[in-house]
Protein chains: 2
Amino acid sequence: MGERPTIAKIAEQAGVSAPTVSKVLNGRADVAEETRARIESLIQQHGYRRRGSGTSASPMIDLVFNQLGGEWAMELIRGVEEVARAEGVELVLSECGGALRPRQEWIESVLNRRPLGVIMVFSDLDADQRAQLEARRIPFVVVDPVGDVGDDVPSIGSANWNGGRMATAHLRTLGHTRIGMIGGPVDTLCSRQRVDGYTDALRSTGIEVDPGLIRYGDFEVGGGYREALALLNLPDRPTAIFAGSDMQALGVYQAARELGLDIPRDLSVIGYDDLPLAEWVTPALTTIHQPLHRMAELATRVVLDLARGQTPAALRLDLAVEIRVRQSTVGPQG
Amino acid sequence: MGERPTIAKIAEQAGVSAPTVSKVLNGRADVAEETRARIESLIQQHGYRRRGSGTSASPMIDLVFNQLGGEWAMELIRGVEEVARAEGVELVLSECGGALRPRQEWIESVLNRRPLGVIMVFSDLDADQRAQLEARRIPFVVVDPVGDVGDDVPSIGSANWNGGRMATAHLRTLGHTRIGMIGGPVDTLCSRQRVDGYTDALRSTGIEVDPGLIRYGDFEVGGGYREALALLNLPDRPTAIFAGSDMQALGVYQAARELGLDIPRDLSVIGYDDLPLAEWVTPALTTIHQPLHRMAELATRVVLDLARGQTPAALRLDLAVEIRVRQSTVGPQG
DNA sequence: CTGAAAGCGCTTACAG
DNA sequence: CTGAAAGCGCTTACAG
C-alpha cells in the first residue's frame, strides 16, 4: 500500500465493509471485539489518518502538569521533549491550574486531536475521563503519581521510600540524633513514602521517632521557610533538617540565616530532587538525586510503545535515587 | 448559522462556488485577492474548520525555543500557557536543539496542524520558512529577538539598553569605578544592547571604558564562572561585576568564593533577569527585573489578535525593566 | 453485529 | 480567475 490508506482499503483488507471501519474509528460500541481488534491492528499497521488531518500525520503527545513552574517541571519537560523530538512527535503542554484533574475542555481537546498518548505529572484523571481516553484507545502514563492510581495504569516514579531512608541514614551516620523532617503535602504518596523511609532509618538506628519533629508543607520555598522556623524555634531544636524538596531546603536556608544559624556548622540540611541549583547555592546542597530527566524519557517511551500496540516490559516502574553529598551536611558540633 | 459551518454555506454567503472556497482554504494562488479577503473574513467569522478536525475546533499555538531549560524558559512558558488556557487554546512546545532555526520537520508539522500562530523565543525562521507560514496565514511573533528580524515581523523584547545602563548606574552611584561586565554571546542583540547601556552609563559619569573589563560568555553558570575568574585575576581587578544573566551571576558567586572574596564586601555583583532564585541565593542578588511573564503574555495576545485578523496596537514592543536592589551590591570597601 | 444504499463535505480536473 | 460536473472519502440511517 504505497498511497495513503483509506477506509475503503482498510475495510477490504479486513474483509469488512467501510461503515464497520468507520465505526471502529469513531469509537462506537456496536462492533464485535474480534472485528474491532483486526481493524485496529490494520489501522496501526498502515498508519491510517482521516482525510482532514493533513498530507502526512502530525502525531502528538500530551504532557499535563498539575502546576507548571520551577526547574523540577523543566527537567521533566526536557526529558519528554527530547524523546518526542527524536521520534518526530509534537509535544502539547497543559497545566491543570493547580487542580488534580484537568478541566473538561482539555479532555474535549484531546478527543479532538487524538494524540498518540497522554503523560500526567502529579495529576490524575477521574474515572469518566479515563473511560473516554480508553474508548479512543489513547494510552496514558502517570509520572510521580500523587495518590493510588489503578493497577492497570502505567506509572513512572522513583524510589521515594529509599530516598527518605538514604537521606536520614546519611545524617545518622554523621552522628545526628535530632533530625527534623519537612515533608511535602500529607495527601501525596511520594511525601508519605519519604516520611516512612525517614522513620525507618531512625528506628533501625535506635532512635525513637519524635512526632514533633515531622512537619508537612508544600514543596515550595515558602513552605520550607515556615516549617523550618517552627522546627528551629523548638526548645530542643534539631541539629539537622531533611527537607522534602530542594526548594524547601532553600526555605530552610533562609530561616536559618534569619535566626543567625550557620549551615552546616549549626544546622545540617539535606534536600530532595537535586535540581541544577543545588550545586550553585551556598553552601552547596547535599540532596537526593531524583532522575527526573530519565523518568520523563521513560514515561514517553512507555506511552509511545502503548500507542504502537506494543506492551512495554513493565507498566509500573520506580527508578532508583542516589545521594549527592555536598557542603550542607556535617556532623553535629559541640 | 447555528450548526457547524460548511464550505457550501461559506460559499453561499460569499457569493461564490464551493470550489473557490476550497481553493482559499488550501492556500492556492489562483484566487482574486478581493475574493480571497471576503472568503477569509467569513471563515474567521464563523470559525470554520474542516470536517476531519473534530466536533469542535482544537485551536493551538506553537511556542518554539532555541533551547529549553532553566527558570528563564519556564517563566516564558508559564506566561504563554496562562493566556492560552484562558483562551481555550492548546500549547505546542518545541525546541530547536540549540540551533537558531527550527528543523524542517517542525515546519511540516506546523503546516499540517495549522496552529493559530507561532511564538519564537530567541530563535528565528529563514526566509523560506516565513514564506510558508505567510502563505497559510499563520502569524508569528518573536520574543527577545536574537538578531535583526525584518521590520514586518512582530517582536516583543525588553529595554535591554536601559537595563544595562540602570545596572551600571546603580554601581556607579554606590561609588564603583572599576566595573567588570560579562555579556551574553556577542552575536545576540540583547547582549550588545546591554553592553552599550553599560558603556553609556560609564561615559556619562566620567569613567573611561576599559575594554579589558568587558567579556562575553554564554548565559549559563559555567560561562559566568569562567569570565569572572578571568576578571578577578586581573592585576587591577574590578570591585563590581555586572553579569548578563542571573545564572552568570551565580557563576560569579562561585568564582568569588573560590578566590576567597566575600560578596558584597570584596565584590559587588548585579545580575540580569530576576529569576525566582535571585531572592533565594546568599547573598540575595541585586538584579534587573525583566518582565518575562508579561512578555510571554503579550506575545501570545499579539499572535492571537493577528490570528483573528485584528491588527494589534503595536507590532514591535520593548517592555520596561526595573532594578531590584538586594544584598549583593554595596559601595567599594577600603 | 454487519453492510447496502443514500448522501454529505470536500476536492479535482477542466472548460470557459 | 471562476464554477459545473464528476468523484473520492467518509458517515448516517436503517434493514436484516
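Keep in mind it's a predicted model, so treat the numbers as computed, not measured.
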Quiz item: Can any side-chain N or O of B:Ser123 pair as donor or acceptor with the backbone N or O of B:Val121 at less than 3.5 Å?
Solution: yes
Self-check item: Donor-acceptor pair, side chain of B:Thr300 and main chain of B:Leu298, under 3.5 angstrom
Solution: no
Quiz item: Between the side chain of B:Arg316 and the main-chain N/O of B:Ser155, is any donor-acceptor distance below 3.5 Å?
Solution: no
Quiz item: With both distances kept under 3.5 Å, what pairs with C:dC14, Watson-Crick or G-U wobble?
Solution: D:dG3
Quiz item: If you measure from the Lys or Arg side-chain nitrogens to the Asp or Glu carboxylate oxygens, is any gap between B:Glu75 and B:Arg78 under 4.0 Å?
Solution: yes
Quiz prompt | Gap between atoms CD1 and P, on B:Ile7 and D:dC10 respectively (whole Å) | solution = 16 Å
Exercise. Return no unless some side-chain N or O of B:Ser22 is found under 4.0 Å from OP1 or OP2 of C:dC10.
Key: no
Quiz item: How many Å lie between CD1 on A:Ile39 and P on D:dT11, as a whole number?
Solution: 12 Å
Quiz item: Does the B:Glu95 side chain pair with the main chain of B:Leu68, one donor and one acceptor, at a distance under 3.5 Å?
Solution: yes
Quiz prompt | Pairs meeting criterion salt bridge (charged side-chain N to carboxylate O under 4.0 Å, His left out) with involvement of residues 125-134 of chain B, two or more places apart | solution = B:Asp124-B:Arg130
Quiz item: Which parts of nucleotides 1-6 of chain C does protein reach within less than 4.0 Å, heavy atoms only, written one letter per nucleotide 5' to 3' as B for base, S for sugar-phosphate only and - for none?
Solution: SBBBB-
